[in-house]
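Note sheet for the following structure.
Atoms considered below: every heavy atom in the structure, side chains included; atoms not considered: hydrogens, waters and symmetry mates.
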Amino acid sequence: MPSLNHNSLYVNQGNTSILDLVRSSDQKILDVGCGAGSTGKLIITSFPQSQVTGITCSLKEYEQANSCLSKCFYLDLERDSFDQIDKDYDLLIFAHVLEHLVDPVACIRRLLPHLKPGGRVVIALPNIANWRDRWKLALGRFEYTESGIMDKTHLHFYTFHTAAKYLIEPIPQLQLEYLKVNGSVPLGFLRHQILRQRWRQKIDYWGCQVMPNLCGSEILMVAHLQ
């Protein structure tokens, strides 16, 4: 998740779900809303031949990302020009950033000229329709938090069934090629008291395959530039 506060800092261990969608042929990658560069650093570690450039509007994040990525730009995604950014990227990554923007589709459109013909766009989003948040709503709770799916800085909410409709379909140049979720099945006490990790992982995997909108907490999409 990026920061929309110019003085804040978002650091984690990197998003391994994004890493799984990167190809060895992705030599030049633009991580849009890179935070402190955690995911980009993870990609560079796994694919040493790749160059990862980040964009963030937080000065603190820029200082950290600039030290671990190939390059980083200190820019506001909705206000600043992208003229200084190269136009030959193999991959654009939008990992938990679009839900924070006033006009996410406009941001994607503005960055498409910086993608090579046939290049890909990877998008990660939280799924508001996952079982945990459905349960909270059923109990009459709709409360914003400092992070997570109900992050108080989120301006848009998506589900497995609406993410592509709202973010990919309005852009004719993009063709959706992958739509999956990461998440879990509500197992209650079985998860930690009875089931072994191997079985938990299998059940969660099949739950996300069969009931993605219920079990998925993270939506993952890949589209290519036609």
[X] to [Y] - nearest heavy-atom pair and separation:
| X | Y | value |
| --- | --- | --- |
| Cys72 | Ala65 | SG-CB, 3.8 Å |
| Ser184 | Trp131 | O-NE1, 3.0 Å |
| Leu179 | Ile219 | CD1-CG2, 3.8 Å |
| Gly207 | Cys215 | O-SG, 3.6 Å |
| Arg134 | Ala129 | NE-O, 2.5 Å |

Counting heavy atoms not belonging to Lys152, are there more than 12 under 6.0 Å from its NZ?
-> no
Should we count CD of Gln197 as having more than 12 external heavy atoms under 6.0 Å?
-> no
Common cluster, [X]/[Y], ILVMFWY with side-chain heavy-atom separation under 4.5 Å:
| X | Y | result |
| --- | --- | --- |
| Phe73 | Ile108 | yes |
| Leu111 | Leu91 | no |
| Leu30 | Leu125 | yes |
| Val32 | Val105 | yes |
| Tyr158 | Leu101 | yes |

So Ile43 and Ile93, side chain to side chain contact (heavy atoms under 4.5 Å, CB included) or not? Walk me through it.
-> CA-CA 11 Å; Ile43 293 171; Ile93 296 174; 3.7 Å; yes
Quick one, [X] and [Y] - any side-chain contact, counting heavy atoms below 4.5 Å?
| X | Y | value |
| --- | --- | --- |
| Leu75 | Ile85 | yes |
| Glu218 | His96 | yes |
| Ser17 | Lys180 | no |
| Val121 | Leu225 | no |
| Cys107 | Phe94 | yes |
| Gln64 | Lys60 | no |
| Met150 | Ile128 | yes |

With a 3.5 Å cut-off and sequence neighbours excluded, list the donor-acceptor pairs that the side chains of residues 163-178 form with protein atoms.
| unit_1 | atom_1 | unit_2 | atom_2 | d |
| --- | --- | --- | --- | --- |
| Glu177 | OE1 | His224 | ND1 | 2.8 |

Give, for atom [atom1] of [X] and atom [atom2] of [Y], the distance between the pair rounded to the nearest 0.5 Å.
| X | Y | atom1 | atom2 | result |
| --- | --- | --- | --- | --- |
| Phe82 | Arg110 | CZ | CZ | 4.0 Å |
| Gln51 | Thr53 | CD | OG1 | 7.0 Å |
| Tyr62 | Cys57 | OH | SG | 14.0 Å |
| Asp31 | Thr56 | CG | OG1 | 9.5 Å |
| Cys34 | Ile29 | SG | CD1 | 13.0 Å |
| Leu112 | Leu92 | CG | CG | 7.0 Å |

Any sub-3.5 Å donor-acceptor pair from [X]'s side-chain atoms to [Y]'s backbone N or O?
| X | Y | result |
| --- | --- | --- |
| Glu78 | Asp103 | yes |
| Ser70 | Val52 | yes |
| Asp80 | Asp76 | yes |
| His154 | Ile149 | yes |

Apply side chain to side chain contact (heavy atoms under 4.5 Å, CB included) to Gln27 and Gln49, showing your working.
-> CA-CA 7 Å; Gln27 300 288 310; Gln49 76 283 3; 3.4 Å; yes
When Asn213 is tested against each of Val181, Thr159, Thr162 for side chain to side chain contact (heavy atoms under 4.5 Å, CB included), which residue passes?
-> Thr159
Under the side chain to side chain contact (heavy atoms under 4.5 Å, CB included) rule, what do Leu115 and Arg120 come out as? Steps first, then yes or no, please.
-> CA-CA 8 Å; Leu115 188 64; Arg120 298 182 304 136; 5.9 Å; no
Passes side-chain hydrogen bond (donor to acceptor under 3.5 Å, both in side chains), Asp133 versus Asn130? Steps please.
-> CA-CA 6 Å; Asp133 286 279; Asn130 75 89; 2.8 Å; yes
Take His100 and Leu77 through the side chain to side chain contact (heavy atoms under 4.5 Å, CB included) test and state the conclusion after the steps.
-> CA-CA 10 Å; His100 296 265; Leu77 292 174; over 6 Å; no
Among all residues two or more places apart in sequence or in another chain, which pass the salt bridge (charged side-chain N to carboxylate O under 4.0 Å, His left out) test with Asp86?
-> Lys28
Hey, would you say the Phe142 and Tyr144 ring centroids sit under 6.0 Å apart?
-> yes
Distance-only check: which donor-acceptor pairs under 3.5 Å involve side-chain atoms of residues 18-25, not counting sequence neighbours?
none

